[in-house]
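This report concerns only the one structure given below.
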Amino acid sequence: MVLVGYIPKPEWCIMTFQTASTTRQTDMQTDRALGEIYKIQSQVLLAAHEFLHREGIVQMMPVMLSPVTDPLNHEVYDASIDYLGQKLQLTKSMILHKQIAIARLDVRGIYIISPNVRLEKGVKSDRHLLEFSQLDIEIRDMPEEDFRRLVEGLMVHIFSRVKEYCEEECLKLGIDIIVPQAPFRVYSSKKLLEKYGADFESKISQLEKDLFWITDFDREFYDREDPEDKGTYINYDLCYPNGYGEALSGGERDYEYSVLVRKILERGQDPKDFTPYLELARAKQLCPSSGGGLGIERLIRFLTKRKHIRETTLFPRVPEESIIV
Ligand code: ASN
């Protein structure tokens, strides 16, 4: 039995490389498009490391098991295991650990390339995976505007590098890289909601021609609420144009114990589910910071103009589909 033979070959790939030989040996299939996509992904990661290293931001390794993780702003199936009587959750995002780390370490900022597991409920979309990678960044004492400038620099650097160093791969995939123009346009979510209704993010993404920001979302408890203007949130999403949707989400953070507990309760969550994190907040072991997480597969999908996010990975975990290998 040859295992690779059991990976179904997506139709898009056969179509793209109809004339190319897809057989290396009689029983072994190669995937030409994915090979080019992974070469581009390698360049993306190299460029991200280079940019963040130059900025004095330090890489940490991901945490995969913990009694606490991101509550998210939507419901997912439970992804926890029992280890010797302790309930440990698979990481949904590194947010809580980022906040703990940035307060503990004497560094300007940290980043992690982290696997995230989110067992989505009833999600039908071309940009969700149950398991994906997030480039998660957190910078100490940084106002949101400075963080957005940093991310703009990061994106311009990544796109420029891919354009310069992946000419051959882009040609084979039939794509053209357009380097975004910073500063990116900024929209407020409240104004977009008035104009386009609940589905505003996807509507504005279809209309825009370059990367853009949307600010001020009422979502997870850790994103900072303006203390002078309750109901206003100092957070943001970075979005791709041409309908590709969200790229990064993040914000300034709340870090004071009483504020965090109030916001957890306001969201109908149980402070007990966050005990180790809240204990650190109570002991004043959290600090002001800004950060965000950039979805790697979504970035690759946008750069390589793939229709579905599944086309960016050899081992897609697509909501409501069984996992082959
Ligand atoms: N990584 C995001 C952040 O830094 C959180 C998330 O992915 N839910 O805010």
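Atoms within a ligand are numbered from 1 in the order they appear, just like the ligands themselves. As a basis for the values below, the full set of heavy atoms in this structure was taken, side chains included, without hydrogen atoms, waters or symmetry mates. One is the number of the first residue; the rest follow in order along the sequence.
Using bins of under 30°, 30° to 60° and over 60° for the plane-to-plane angle, the ring pair Y244/F302 lands in the perpendicular bin.
Near ligand 1, D70, S93, K98, R118, Q134, D136, E220, Y222, S249, G250, R253, G292, G293 each place a heavy atom less than 4.0 angstrom from the ligand.
Across every non-hydrogen atom of I102 and R108, the tightest pair is CD1-O, 3.9 Å.
Within the structure, every pair that satisfies the ring-ring contact (aromatic ring centres under 6.0 Å, His included) test and touches residues 132-153, not counting sequence neighbours, is listed here: F147-Y236.
Aromatic pair H49/Y111: ring centres closer than 6.0 Å.
Considering only heavy atoms from C-beta on, L294 stays 4.5 Å or farther from V151 through its side chain. Looking at heavy atoms from C-beta onward, F221 lies in side-chain contact with Q269 at the 4.5 angstrom threshold.
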